[in-house]
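Report on the following structure.
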Amino acid sequence: MGSRHLSRSIILQTLYEWDFHNLKDKDVRSIFQRNLDNLGQGLEDVDYPKTLLEGILAHWGELNKLIESGAPEWPLEQINIIDRNVLRIGIFELIFGAKKEVPPKVAINEAVELAKSFGGDSSRRFVNGVLGTIYRQMDETMIQK
(Lines give C-alpha, C1' and ligand atoms only; values in the text may rest on other atoms or scores of the structure.)
Protein backbone atom coordinates (compact mmCIF):
# COMPACT_ATOMS: atom_id res chain seq x y z
CA MET A 1 0.00 0.00 0.00
CA GLY A 2 1.39 3.41 -0.94
CA SER A 3 2.24 5.95 1.71
CA ARG A 4 -0.47 8.40 0.65
CA HIS A 5 -3.09 5.66 0.38
CA LEU A 6 -2.20 4.41 3.86
CA SER A 7 -2.41 8.00 5.14
CA ARG A 8 -5.90 8.37 3.68
CA SER A 9 -6.95 5.05 5.22
CA ILE A 10 -5.77 6.20 8.64
CA ILE A 11 -7.64 9.49 8.25
CA LEU A 12 -10.79 7.65 7.14
CA GLN A 13 -10.68 5.37 10.17
CA THR A 14 -10.07 8.37 12.43
CA LEU A 15 -12.97 10.36 10.99
CA TYR A 16 -15.22 7.30 11.07
CA GLU A 17 -14.66 6.78 14.80
CA TRP A 18 -15.08 10.46 15.59
CA ASP A 19 -18.21 10.77 13.43
CA PHE A 20 -19.62 7.57 14.95
CA HIS A 21 -19.42 9.28 18.34
CA ASN A 22 -21.26 12.32 16.91
CA LEU A 23 -18.10 14.44 16.67
CA LYS A 24 -17.76 14.55 20.44
CA ASP A 25 -16.84 12.40 23.43
CA LYS A 26 -13.32 11.99 22.10
CA ASP A 27 -10.73 14.31 20.72
CA VAL A 28 -10.22 13.61 17.03
CA ARG A 29 -6.48 14.29 17.33
CA SER A 30 -6.04 11.64 20.02
CA ILE A 31 -7.98 9.16 17.86
CA PHE A 32 -5.70 10.08 14.97
CA GLN A 33 -2.54 9.63 17.02
CA ARG A 34 -3.68 6.21 18.24
CA ASN A 35 -4.52 5.15 14.69
CA LEU A 36 -1.23 6.50 13.37
CA ASP A 37 0.70 4.61 16.07
CA ASN A 38 -1.23 1.37 15.47
CA LEU A 39 -1.64 1.43 11.70
CA GLY A 40 1.10 3.70 10.40
CA GLN A 41 4.22 1.65 11.02
CA GLY A 42 6.60 2.25 8.16
CA LEU A 43 4.72 5.31 6.95
CA GLU A 44 7.33 7.39 5.16
CA ASP A 45 5.61 10.78 5.37
CA VAL A 46 3.89 11.29 8.73
CA ASP A 47 3.31 14.96 7.94
CA TYR A 48 0.91 14.17 5.10
CA PRO A 49 -1.84 12.55 7.21
CA LYS A 50 -1.51 15.28 9.85
CA THR A 51 -1.85 17.97 7.18
CA LEU A 52 -4.79 16.14 5.63
CA LEU A 53 -6.62 15.84 8.95
CA GLU A 54 -6.01 19.47 9.92
CA GLY A 55 -7.16 20.64 6.47
CA ILE A 56 -10.35 18.60 6.67
CA LEU A 57 -11.10 19.96 10.14
CA ALA A 58 -10.39 23.54 9.03
CA HIS A 59 -12.83 23.20 6.09
CA TRP A 60 -15.40 20.96 7.83
CA GLY A 61 -18.42 23.18 7.21
CA GLU A 62 -17.48 23.86 3.59
CA LEU A 63 -16.93 20.15 2.95
CA ASN A 64 -20.34 19.29 4.37
CA LYS A 65 -22.02 21.94 2.21
CA LEU A 66 -20.26 20.58 -0.87
CA ILE A 67 -21.42 17.05 -0.04
CA GLU A 68 -24.98 18.35 0.25
CA SER A 69 -24.72 20.18 -3.08
CA GLY A 70 -23.19 17.16 -4.81
CA ALA A 71 -25.82 14.78 -3.43
CA PRO A 72 -28.94 16.97 -3.05
CA GLU A 73 -31.29 13.99 -2.64
CA TRP A 74 -29.28 12.77 0.37
CA PRO A 75 -29.32 14.72 3.63
CA LEU A 76 -25.85 14.55 5.18
CA GLU A 77 -27.06 12.52 8.17
CA GLN A 78 -28.54 9.88 5.84
CA ILE A 79 -25.28 9.23 3.99
CA ASN A 80 -23.55 6.31 5.68
CA ILE A 81 -20.58 7.22 7.85
CA ILE A 82 -17.96 5.65 5.59
CA ASP A 83 -19.23 7.34 2.42
CA ARG A 84 -19.63 10.68 4.19
CA ASN A 85 -16.03 10.64 5.39
CA VAL A 86 -14.59 9.31 2.15
CA LEU A 87 -16.31 12.27 0.50
CA ARG A 88 -14.80 14.69 3.01
CA ILE A 89 -11.32 13.36 2.22
CA GLY A 90 -11.92 13.36 -1.54
CA ILE A 91 -13.47 16.83 -1.65
CA PHE A 92 -10.72 18.27 0.53
CA GLU A 93 -8.05 16.93 -1.82
CA LEU A 94 -10.06 17.90 -4.88
CA ILE A 95 -10.72 21.50 -3.88
CA PHE A 96 -8.38 22.55 -1.09
CA GLY A 97 -5.39 20.25 -1.59
CA ALA A 98 -2.21 20.90 -3.53
CA LYS A 99 -3.13 20.17 -7.16
CA LYS A 100 0.49 19.53 -8.15
CA GLU A 101 0.80 16.80 -5.52
CA VAL A 102 -2.68 15.32 -5.93
CA PRO A 103 -4.32 16.20 -9.25
CA PRO A 104 -8.14 16.19 -9.27
CA LYS A 105 -8.45 12.86 -11.11
CA VAL A 106 -6.10 11.24 -8.57
CA ALA A 107 -8.14 12.67 -5.68
CA ILE A 108 -11.31 11.18 -7.16
CA ASN A 109 -9.67 7.83 -7.90
CA GLU A 110 -8.21 7.57 -4.40
CA ALA A 111 -11.59 8.32 -2.83
CA VAL A 112 -13.22 5.66 -5.01
CA GLU A 113 -10.55 3.16 -3.91
CA LEU A 114 -11.24 3.97 -0.25
CA ALA A 115 -14.97 3.50 -0.88
CA LYS A 116 -14.30 0.13 -2.52
CA SER A 117 -12.10 -1.01 0.37
CA PHE A 118 -14.17 0.25 3.30
CA GLY A 119 -17.68 0.93 2.02
CA GLY A 120 -20.67 -1.07 0.94
CA ASP A 121 -21.70 -2.40 -2.46
CA SER A 122 -22.90 0.95 -3.79
CA SER A 123 -20.24 3.14 -2.09
CA ARG A 124 -17.89 3.21 -5.07
CA ARG A 125 -20.57 4.43 -7.48
CA PHE A 126 -22.01 6.92 -4.98
CA VAL A 127 -18.63 8.47 -4.13
CA ASN A 128 -17.61 8.59 -7.79
CA GLY A 129 -20.92 10.24 -8.74
CA VAL A 130 -20.79 12.89 -6.02
CA LEU A 131 -17.13 13.75 -6.62
CA GLY A 132 -17.69 13.79 -10.38
CA THR A 133 -20.57 16.23 -9.92
CA ILE A 134 -18.49 18.50 -7.69
CA TYR A 135 -15.55 18.34 -10.07
CA ARG A 136 -17.73 19.37 -13.03
CA GLN A 137 -19.19 22.25 -10.99
CA MET A 138 -15.79 23.54 -9.92
CA ASP A 139 -14.82 26.95 -11.14
CA GLU A 140 -11.74 26.97 -13.40
CA THR A 141 -9.91 29.12 -10.87
CA MET A 142 -10.43 26.47 -8.18
CA ILE A 143 -8.95 23.77 -10.39
CA GLN A 144 -5.76 25.79 -10.81
CA LYS A 145 -5.52 26.65 -7.12
Side-chain angles (χ1 to χ4, degrees), residues 1-36 39-40 43 45-145:
M1 182 181 300
S3 183
R4 294 265 170 115
H5 186 75
L6 178 56
S7 294
R8 291 178 188 99
S9 296
I10 292 169
I11 296 302
L12 176 59
Q13 291 173 69
T14 298
L15 294 175
Y16 176 89
E17 182 177 341
W18 191 52
D19 198 356
F20 183 80
H21 291 284
N22 297 313
L23 313 177
K24 55 187 172 193
D25 298 330
K26 294 187 177 188
D27 178 39
V28 69
R29 289 169 186 86
S30 64
I31 296 169
F32 166 73
Q33 192 58 54
R34 186 190 70 236
N35 286 340
L36 185 63
L39 305 171
L43 191 64
D45 182 6
V46 294
D47 290 332
Y48 184 73
K50 289 177 185 177
T51 301
L52 186 57
L53 178 62
E54 292 304 325
I56 290 168
L57 295 175
H59 294 283
W60 192 262
E62 295 163 279
L63 295 172
N64 289 340
K65 286 179 184 172
L66 286 164
I67 292 169
E68 291 169 343
S69 74
E73 298 85 29
W74 287 90
L76 193 62
E77 321 74 55
Q78 289 184 5
I79 298 171
N80 81 49
I81 295 175
I82 290 289
D83 294 353
R84 189 166 56 221
N85 286 295
V86 167
L87 286 169
R88 287 175 176 137
I89 294 167
I91 294 168
F92 175 78
E93 288 192 309
L94 185 65
I95 294 181
F96 303 105
K99 305 298 180 277
K100 291 181 181 176
E101 290 181 31
V102 182
K105 302 247 184 212
V106 172
I108 293 170
N109 185 57
E110 282 294 320
V112 168
E113 288 301 315
L114 284 174
K116 281 177 18 183
S117 297
F118 293 95
D121 293 338
S122 62
S123 293
R124 176 183 54 85
R125 288 187 307 277
F126 179 71
V127 166
N128 190 50
V130 173
L131 291 177
T133 298
I134 291 168
Y135 179 67
R136 285 187 297 277
Q137 292 174 350
M138 285 172 57
D139 184 44
E140 187 63 35
T141 57
M142 290 183 89
I143 294 172
Q144 295 173 359
K145 196 175 191 182

Hey, could you give me the [atom1]/[atom2] distance between [X] and [Y], rounded to the nearest 0.5 Å?
X     : Y     : atom1 : atom2 : answer
Leu15 : Trp18 : CG    : CH2   : 7.5 Å
Ile81 : Glu17 : CD1   : CD    : 11.0 Å
Ile10 : Phe32 : CD1   : CZ    : 7.0 Å
Ile82 : Leu87 : CD1   : CG    : 11.5 Å
Asn80 : Asn85 : CG    : CG    : 9.5 Å
Leu63 : Ile89 : CG    : CD1   : 10.0 Å

According to salt bridge (charged side-chain N to carboxylate O under 4.0 Å, His left out), who are the partners of [X], at least two apart in sequence or on a separate chain?
X      : value
Glu101 : Arg4
Arg125 : none
Glu110 : Arg8
Arg124 : none

Are the side chains of [Y] and [X] in contact, using a 4.5 Å heavy-atom criterion?
X      : Y      : result
Thr14  : Arg29  : no
Leu131 : Tyr135 : no
Phe118 : Ser9   : yes

Contacts of Asn128 that satisfy side chain to side chain donor-acceptor pair (under 3.5 Å) - sequence neighbours left out:
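Not a single residue meets the side chain to side chain donor-acceptor pair (under 3.5 Å) criterion with Asn128.
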
Under the side-chain contact (heavy atoms from CB on, under 4.5 Å) test, residues paired with [X] that sit two or more places apart:
X     : result
Pro72 : none
Gln78 : Trp74, Pro75
Ser30 : Asp27

Tell me the closest heavy-atom pair linking [X] and [Y], and the distance in Å.
X      : Y      : result
Pro104 : Leu94  : CB-CD1, 3.5 Å
Val127 : Ala115 : CG2-CB, 3.8 Å
Gly70  : Ile134 : CA-CG1, 4.1 Å

Determine all donor-acceptor pairs shorter than 3.5 Å in which one atom belongs to a side chain in residues 45-53; sequence neighbours excluded.
| residue | atom | partner | partner atom | Å |
| --- | --- | --- | --- | --- |
| Asp45 | OD1 | Asp47 | N | 3.2 |
| Asp45 | OD1 | Tyr48 | N | 3.3 |
| Tyr48 | OH | Glu93 | OE2 | 2.0 |
| Thr51 | OG1 | Asp47 | O | 2.9 |

Any salt bridge between Arg84 and Glu77, counting N to O under 4.0 Å?
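No, Arg84 and Glu77 are not salt-bridged.
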
With sequence neighbours excluded, give me every side-chain hydrogen bond (donor to acceptor under 3.5 Å, both in side chains) pair touching residues 58-71.
His59-Glu62, Asn64-Arg88

